[in-house]
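This report refers to the structure that appears directly beneath it.
Only heavy atoms go into these numbers, but all of them, side chains included; no hydrogens, no water, no symmetry mates.
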Amino acid sequence: MLTVLVCEKTKMVRSFVVAGILFLLHLPVLAQETKTLKEVIVNGSKQPFQRQSGALVVNVSGNPNFKTAANTLDILKKLPGLEVTSDGTLLLQGRITPGIFVDGKPLVMSPEELQNYLLTLTPDMIASIELITNPSAQYDATYKGIINIKLKPDGSLGFKGNLTTNVQQNAYRLADNNFLLTYKTKKVAYTARLGYTTGTTIRTYDALQHQASTNIMATNTKTLTGNNNFNYQLGVDYNFKKDHRLEILLRNYNIDRTLSSFNTLHTTDSSAKRIVSNTSSDNNTGLIQNNYAANLNYNAKFGGSQFQLLTSLVKVRNRQWEDIQNTNTITGQQIDYWKTALQNDVLIRTAQADLSGNRANGKWSTGAKFAFYTTKNDLHYDTLNINDAFVTDSGRTNNFQYDEYVSAAYAVYERTMNKIHFSAGLRLEHTRSISNAITQKEVTKRDYLTWLPSMELTYTLKKNQQLHFSLTRRITRPSFAQLNPFRFYFSPLNYWVGNPYLLPSVTNAFNATYSLRSFSVSLTMGRETDPSTRYPEYNRITNVLEYLGRNLPYNDFANIETSFPLTITKWWRMNHNIGGYYKREQTPYHGVTYTIPIAYFKITGNQVFTLPKAFTFDVYYMYTSPNGDGLYFGKYISNIDFALQRSWLKGKLNTRINYYDLLNTYSVTRTFREKSIINNRLRHWVGMQRLAVTLSYNFGASTYKAKQTGKNEEETRAGF
């Protein structure tokens, strides 16, 4: 059995090497066919992992490795090169936030809404997951990576329902409840999805800063978030004519949230013995967000051509209130008291058309997309003055409006000749934006055209061996939160501010992959120019630490990843993923340009045991070596999870018990490199250690699975 204890890293690596050799000697042969993303079909006995052109196909249905997964996030964290952080954020290759697709359609959501949706998908609902690390010109340029979740197809007519309840407990309790009902006739499929989340989550932030005066300030913040969130989705899928389908989707996501944050600033002299000051801050926040969306999709076949039209209309309404009081803990005297009121309104309109067909012994596809985004933000600060009256704080009050127009078109051609499959494509994206910082009376206009070529080549060495190469160019526009020049506080002396002058970044990447049955090795390297980042500025007089946004000159990156499943016996299976990562950012800071190479590795694995009485037990482990970025060192990260699963009532009732972060070791710690400028260490912890119990009950005869709404990348950049 492989061990993952940090103190036994040498033994662990040796065990992985032995496991890899055993894997190559004993795996059965399985024929593999090269197909595109939308055409992956695997028949017969399925390998856990398969390479299909530029995609890694993970077969989920019937796979013992995912039997104990409570939801899709538990599946994704076991995929090679993919990390699910403690707050549910997805990271691919340590640097990419991938786009989520369902059955080939984009499903881009805010972290809260996306997590809520992924929590509703259990392993028995998913046929396979396709992981694309280098998307072609066919996809929106913002997607540097794609996760395509393929649901099981419909199998019969009539009603089918699923009721899932997930209760998580650590110091606080959180419950996710979801209900899915489908009804299918020969021509029409109706779907209804309801979700309700209630309970509390916890997050802590602490920092230790040696100030310019040689004093030492310790910051501790504890934030409790109360949730009372409700969402629903209604859909109709109508096959009104042979090879013609119309899909209508309506979605509503409501957030009703309260945040109670308590912060202390404890300052001592350089000896850490004499107290210089001790202050506390109470921040009580209320947030109400209403997301409304409508999608109208049309698919049709005309002879040998296929046409698809995707349209969406999204309206978001945000209202947030804060009440912040800072007090001298030693004297009990109030230092200051302010209130904030944020109004944020967003309107998004998109339309996308795609046409594909066969010509000249190959396949062609072309399409166009238009997106128009409008946002209005009004943040008002009121401060209590010496006369006990609240007056407008003009230094922090801000009004910001942003409009963006994106027009895109692409063309892709692909062909297979003997053992070689290749594709080449070109995408053009024209962006025009206007950011208006009304309070500062600053208007920033952007107007640029970006050319984004892509090339792919797959060479089949043998029936079970492939070499794949790809070269792509992608663009990443700043998110609207990064552009917004509002001030958002971590603590009374710590906040971040957006920058409306940020430029988009462009990434050129090369990928080479070798696959042998389920074993694969993938190498990716490239350069990102003008990457956006946040950097700290420390005021030695006021001791205020603010994080500002800017573009760096470039970021070089490279990584190598390997994945291999291994069956020891009929009752013992294991899978391991090993990745090595390298990056080098050029970071100008205070007159010095730091170009620091950073290399680290990550190991994830799980072992699955089939126990008597139809129980399945799973042990998952993860270790990331110390890393960081151009200005910060990062501490290692590790965690161990346990899971137990069993089905009842002939498979209709599924029960799972998951214990996450058994040793409570998952936290993110950063230390500033240049101590002569800022001597600071900070740590984030989000209460990952918890016990979760999941009950999922299926009823009805139909096996129809609902198609999901195709949200667009603009909604993610809006932060909703």
Side-chain angles (χ1 to χ4, degrees), residues 13 16-17 19-21 23-24 32 34 37 47-58 78-83 90-98 130-137 139 143-147 419-424 453-462 464-474 506-529 531 554-565 575-585 597-605 623-625 627:
V13 173
F16 282 137
V17 174
I21 295 173
F23 166 80
L24 292 175
Q32 184 169 321
T34 301
L37 170 66
Q47 294 284 357
F49 300 94
Q50 294 175 304
R51 282 283 173 181
Q52 304 286 348
S53 294
L56 172 66
V57 181
V58 182
K78 297 178 181 178
L79 303 189
L82 191 62
E83 177 184 358
L90 298 174
L91 282 179
L92 183 62
Q93 298 178 343
R95 63 183 183 86
I96 298 172
T97 301
E130 298 166 346
L131 191 62
I132 305 174
T133 55
N134 233 14
S136 69
Y139 300 98
Y143 296 130
K144 298 179 184 178
I146 291 175
I147 298 171
K419 294 184 177 182
I420 298 177
H421 176 85
F422 74 92
S423 69
S454 68
M455 293 183 291
E456 294 185 28
L457 186 146
T458 301
Y459 180 68
T460 302
L461 300 172
K462 296 180 181 180
N464 55 357
Q465 292 185 63
Q466 279 189 348
L467 280 173
H468 177 78
F469 305 93
S470 64
L471 184 64
T472 61
R473 191 168 190 246
R474 316 298 287 169
V506 175
T507 302
N508 294 287
F510 169 78
N511 174 265
T513 300
Y514 168 76
S515 61
L516 171 63
R517 305 181 184 94
S518 291
F519 171 79
S520 67
V521 178
S522 179
L523 172 67
T524 302
M525 61 180 63
R527 168 173 286 192
E528 181 179 13
T529 56
Y554 66 84
N555 173 23
D556 290 332
F557 58 87
N559 58 269
I560 184 169
E561 297 168 337
T562 182
S563 173
F564 50 92
N575 179 68
H576 291 95
N577 307 306
I578 304 175
Y581 303 91
Y582 170 86
K583 57 184 177 181
R584 188 181 64 172
E585 295 177 341
I598 299 169
Y600 66 99
F601 68 90
K602 179 181 178 181
I603 300 174
T604 64
Y623 175 79
T624 302
S625 67
N627 53 81

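- Residues E456 and S136 have side chains in contact (heavy-atom distance under 4.5 Å, counting atoms from C-beta outward).
- Residues that satisfy the side chain to side chain donor-acceptor pair (under 3.5 Å) test with Y600, not counting sequence neighbours, are absent from this structure.
- For L471, the side chain to side chain contact (heavy atoms under 4.5 Å, CB included) partners are M455, F510, not counting sequence neighbours.
- Scanning all heavy atoms of the two residues, the minimum distance from Y554 to P531 falls at CA-CD, 4.0 Å.
- With sequence neighbours excluded, the residues forming a side chain to side chain donor-acceptor pair (under 3.5 Å) with K78 are D618, listed by chain and number.
- With sequence neighbours excluded, the residues forming a side chain to side chain donor-acceptor pair (under 3.5 Å) with T513 are N511, S522, listed by chain and number.
- Atom CG of N577 is separated from atom OG1 of T604 by 4.0 Å, given to the nearest 0.5 angstrom.
- With values rounded to the nearest 0.5 angstrom, N464 atom CG is found 9.0 Å from S515 atom OG.
- With sequence neighbours left out, the side chain to side chain contact (heavy atoms under 4.5 Å, CB included) criterion links T472 to N134, S454, R474, A509.
- For the pair T97/L90, no side-chain contact is recorded, criterion being any heavy-atom separation below 4.5 Å from C-beta on.
- For the atom pair NZ (K419) and CG (L461), the distance works out to 7.5 Å, reported to the nearest 0.5 Å.
- Proximity of Y143 to I132: side-chain heavy atoms (C-beta onward) are nowhere separated by under 4.5 Å.
- Counting only heavy atoms from C-beta outward, the side chains of T562 and F519 approach each other to under 4.5 Å.
- Put simply, OG1 on T507 and CZ on R527 are 11.5 Å apart, with the number rounded to the nearest 0.5 Å.
- Shortest non-hydrogen contact noted between R473 and V506 is NE-CG1, 3.5 Å.
- Residues L56 and S563 form no side-chain contact, since every pair of their non-hydrogen atoms from C-beta on lies 4.5 Å or further apart.
- Residues F557 and T524 have side chains in contact (heavy-atom distance under 4.5 Å, counting atoms from C-beta outward).
- Between K462 and T460, the shortest heavy-atom contact is O-CG2, 2.8 Å.
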Criterion side chain to side chain contact (heavy atoms under 4.5 Å, CB included) on L79 and I147, from CA distance to verdict = CA-CA 11 Å; L79 303 189; I147 298 171; 5.5 Å; no
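- With a 4.5 Å cut-off on side-chain heavy atoms, N555 and E585 count as touching.
- Judged as a side chain to side chain contact (heavy atoms under 4.5 Å, CB included), and not counting sequence neighbours, the contacts of I560 are V521, L523.
- We find the OH-NZ distance between Y623 and K602 to be 13.0 Å, quoted to the nearest 0.5 Å.
- Only one option out of I146, V58, L92 pairs with L131 in a side chain to side chain contact (heavy atoms under 4.5 Å, CB included); it is L92.
- Closest non-hydrogen pair, K144 versus P135, comes out as O-CD, 3.2 Å.
- Atom CG of N627 and atom CZ of F601 lie 10.5 Å apart (nearest 0.5 Å).
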